[in-house]
2 protein chains.
Amino acid sequence: MQITLKDIARMAGVAESTVSRALNNKKGVGEKTRKKIIKIAEENNYRPNQLARGLAANKTNMIAVVLSEMDSPGNIEIVKSLEEAAEADNYQIILCNTKNDPEKEKSYLSLLESNQVDGAVFIGGKLVGSHLLRASLDDNAIVLVNRLSEENFFTSVLTDYSIGIYKAVNHLLEQNYNNIALVCGSRNNLIEEEKISGYFNAYQEAGFKADQNLIFETDSSRQGGYNAFLEIIKNDSVPDAFISTKELTTIGLVEAIKTGGFFIPDDFAVVGYGDNILTSIIEPPLTVLSEPSKELGRISFDYLLKLINDNLEGQQIKVLAPNLIIRDSSISKYN
Amino acid sequence: MQITLKDIARMAGVAESTVSRALNNKKGVGEKTRKKIIKIAEENNYRPNQLARGLAANKTNMIAVVLSEMDSPGNIEIVKSLEEAAEADNYQIILCNTKNDPEKEKSYLSLLESNQVDGAVFIGGKLVGSHLLRASLDDNAIVLVNRLSEENFFTSVLTDYSIGIYKAVNHLLEQNYNNIALVCGSRNNLIEEEKISGYFNAYQEAGFKADQNLIFETDSSRQGGYNAFLEIIKNDSVPDAFISTKELTTIGLVEAIKTGGFFIPDDFAVVGYGDNILTSIIEPPLTVLSEPSKELGRISFDYLLKLINDNLEGQQIKVLAPNLIIRDSSISKYN
DNA sequence: TTTATTTTCGCAAGCGCTTGCGTAATGTGG
DNA sequence: CCACATTACGCAAGCGCTTGCGAAAATAAA
């Protein structure tokens, strides 16, 4: 049998309301009674029933973290820092893995609608369900991470892929690679258009013109990267460098190159995505765009918390630029 | 404003209880009224308030997954399959990352005590808080994964490290490596003793005698593996092979070996831990013990579900043997 | 048709907590 | 010592749902 507020109240010889106020540090209870109540509560290892509390106060101290994919180390990193931030503010995290399935995402939305969580952050994923999200936006706290909605309507924290790719292209051009292939995700995702625009901008600014045919769409898996390479080298104009814009495709791409008997960076330069354990152990040491995962997590929780507490005026958008970390894979020998 | 049971009841012209029964597929409501109620509920996008439901029914359909560390791909894999299993049974997962901090674990336990979750699975971690766990075992559903408690008291699903290491040693001996170092975690964890016993068993059975000095304790990080190597080669008797028993130490170990200018398997054979993306991209291709992560997740949820529903008679312990996946890193050239 | 049986449904209590409001207790100044 | 302002506390309603129980309605048996 669980021990309840009522029990504590009886033991302390006060009313339930007094116990509640005492334990929640609210004013309206004398210092002596408060001490007494706290003591009794501790002695009896009293744990407030969070459901009851949530029901009464309309607050659960839980947030949903809706993840488009759990295989990406970067996403895990974001979750970790979110968890840390949440814990510090006494929030729990509900993990929701959608595997990029809009239906699942929809179903997880009902966590919000059913009052099970105070807010939700969506990490990655396509924009598809955007209308859906909006629909649910009665008064719900929602933050988007690395996800662009067409209406540009949600509070979001984003990696600036455009500038990231721009940097990467620039760097490769400087290294005298000028046939640069871009491996990205399906263009029905606005995020991918961002990348492409960065690509074109860099080319244009350098006075070269970019080749549409060097842009390859593939899914975000390791296999996707692998296949991308096989496709690309069928091309008329074979590139001399690759920029991979997802973590796992980076791995697959490198594998494909090496399996094909080619060398990095001698045959192809590579700029990968994500400064994580994967890209740190692969050979050769990989030049990568490093996503600010920790910040993404932390800031998104900050925003969410403010939204929950109605402390956020209007929509906020934070854009964080990725770093280009230069290693061997993109350093031309003939330089 | 949220739409409630009462609203639906009013719209349908029935009592709240009838709506509740209709929507929960309980008997005691006619087919026609049920249809009508469901229709109305759907039209109005009604979402039952899970807190209220949980409070009334004493059931939250949430479970806590308490993770000792989030950096291990194997653990993430377990969580993934847990999530999948849970989702199929309409359970949500609360992610709790303890970073091996017993205090945090303790605090997460209150999720159980405060009725916020119906059960909890603990993945990894030391036994430290075992008394604590027991204390909380009023009537709580708890499953342990890859964690040994001294009292052997909890329903658990375990990887059989003993047989795993046994296989690894055997294999290495067959390859004529007979100075095998074992890199494991701190021996204050029973799990580690398991590993060591497998190590000794294999040696004994083969008629060799094992060298205590070749057993190295280190923390489970990449750096831990790296340092382990540096320590080990200071030894009088330098080993010719390594068995690393954690995922990240495996990575660090290999890095240290390569950084030291040594070659695998020429200078040292290596058997690593975990058949994951990390060990699949590292070079050379690594012989590993493959943990049955998917099963660990699935089975632990099965157990937990039964515990929650009081369908589990007594304590259950499931032990799963890891596979030895043989690749280049342990194949002697002089064979 | 009448009685017995089953099914359908409403009533009301209760899950454990929070919170507005009113009253009793305490403290302050004259 | 009294009037007044504070502060400390209890009362009771209410959060949105579930569920046991009894009454009414529908169905089956006699």
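Computed from a predicted structure; not experimentally measured. Only heavy atoms go into these numbers, but all of them, side chains included; no hydrogens, no water, no symmetry mates. Convention: sequence-line order gives letters A, B, ...; per-chain numbering from 1.
Computed from C1' positions of five pairs at each end, the angle between the two local axes of the helix from C:dA4-D:dT27 to C:dG30-D:dC1 equals 30°, rounded to 10 degrees.
Taking only side-chain atoms of B:Leu5, from C-beta outward, the nucleotide of C:dG10, C:dC17, D:dT18 with the closest atom is D:dT18. Checking C:dC21, C:dC17, D:dG16 against the side-chain heavy atoms of A:Arg21 singles out C:dC21 as nearest. Picking from C:dT19, D:dC17, C:dG16 the nucleotide with the shortest atom distance to the side chain of B:Glu16 gives D:dC17.
In the region residues 25-41 of chain B, proximity to DNA chain D at under 4.0 angstrom, judged on heavy atoms, holds for B:Lys26.
Partners of B:Phe301 according to the ring pair (Phe, Tyr, Trp, His ring centres under 6.0 Å) rule, which considers only residues two or more places apart in sequence or in another chain, are B:Tyr91. Contacts of B:Tyr46 classified as ring pair (Phe, Tyr, Trp, His ring centres under 6.0 Å), with partners at least two apart in sequence or in another chain: none. Scanning for side chain to side chain contact (heavy atoms under 4.5 Å, CB included) contacts around B:Arg47 gives A:Ser110, A:Glu113, A:Ser114, B:Asn45, with sequence neighbours left out. Residues passing the salt bridge (Lys or Arg N to Asp or Glu O under 4.0 Å) test with B:Lys99 are A:Glu84, sequence neighbours excluded.
Within 4.0 Å of A:Asn24, counting heavy atoms only, lie sugar-phosphate atoms of the nucleic acid but no base atom.
Between the side chains of B:Glu247 and B:Ser72, at least one donor N or O lies within less than 3.5 Å of an accepting N or O.
Each of B:Val19 and B:Ala56 lies near DNA chain C, and the nucleotide nearest B:Val19 is the one positioned closer to the 5' end.
The base of D:dC11 lies close enough to the side chain of A:Ser17 for a donor and an acceptor atom to sit less than 3.5 Å apart.
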